[in-house]
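Here the structure is laid out as structure tokens; the discussion comes afterwards.
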Amino acid sequence: MTDLALERRYARYLVHLPFLYRANAPGASGPEMGWTFDLSERGACVELAQRFPPPMTLHLILQTDRTSIEVDAEVVWAGTPAL
């Protein structure tokens, strides 16, 4: 099964939320701000100030109305999303 076929098994929802992120790499700067473009059960398309190559790991902090959600995420693709 292709990655695209696997990805499409999970519905994507257009959700625009701000979040903080930091690269898990030596010498990484402090937290930066990014925006979600869409979300699914298996991943997210996000807009960041800089481009990170796969398989870079990022630490994300999303703030909800009840709590913050912290998670480590792996970059699997970098580019401009097709609209």
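As the structure is a prediction and not an experimental result, all values here were calculated from the model.
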Task: Within 6.0 Å of CD in Gln50, more than 12 heavy atoms from elsewhere - done: yes
Open item on the list: Measuring only between side-chain heavy atoms, which start at C-beta, is Val76 closer than 4.5 Å to Pro54?
Closed with: no
- [ ] Give a yes or no on whether Val75 and Ile61 share a hydrophobic cluster (residues Ile, Leu, Val, Met, Phe, Trp, Tyr; joining criterion: side-chain heavy atoms under 4.5 Å apart).
- [x] no
- [ ] Indicate yes or no for a side-chain donor-acceptor contact from Thr36 to the backbone of Leu17 under 3.5 Å, with no hydrogens or angles considered.
- [x] yes
Task: Closest contact, heavy atoms only, Leu60 versus Ala73 - done: CD1-CB, 3.9 Å
Open item on the list: Are Phe19 and Gln63 packed together at the side-chain level, in the sense that at least one heavy-atom pair is separated by less than 4.5 angstrom?
Closed with: no
Donor-acceptor contacts under 3.5 Å from residues 20-33 side chains, at least two apart:
{"unit_1": "Tyr21", "atom_1": "OH", "unit_2": "Ala49", "atom_2": "N", "d": "3.4"}
{"unit_1": "Asn24", "atom_1": "ND2", "unit_2": "Asp72", "atom_2": "OD1", "d": "3.4"}
{"unit_1": "Ser29", "atom_1": "OG", "unit_2": "Glu32", "atom_2": "OE2", "d": "3.4"}

Task: Worked check of side-chain contact (heavy atoms from CB on, under 4.5 Å) between Thr64 and Ile69 - done: CA-CA 8 Å; Thr64 71; Ile69 300 169; 3.7 Å; yes
TODO: Determine which pairs satisfy salt bridge (charged side-chain N to carboxylate O under 4.0 Å, His left out) with at least one residue from residues 51-60, sequence neighbours left out, and list them in order.
DONE: none
Open item on the list: Quick one, Leu48 and Leu58 - any side-chain contact, counting heavy atoms below 4.5 Å?
Closed with: yes
- [ ] Sequence neighbours left out, what passes side chain to side chain donor-acceptor pair (under 3.5 Å) with Glu70? Give chain and number order.
- [x] His59
Task: Test item: Ser40 side-chain N/O and Tyr10 main-chain N/O as donor-acceptor pair under 3.5 Å - done: no
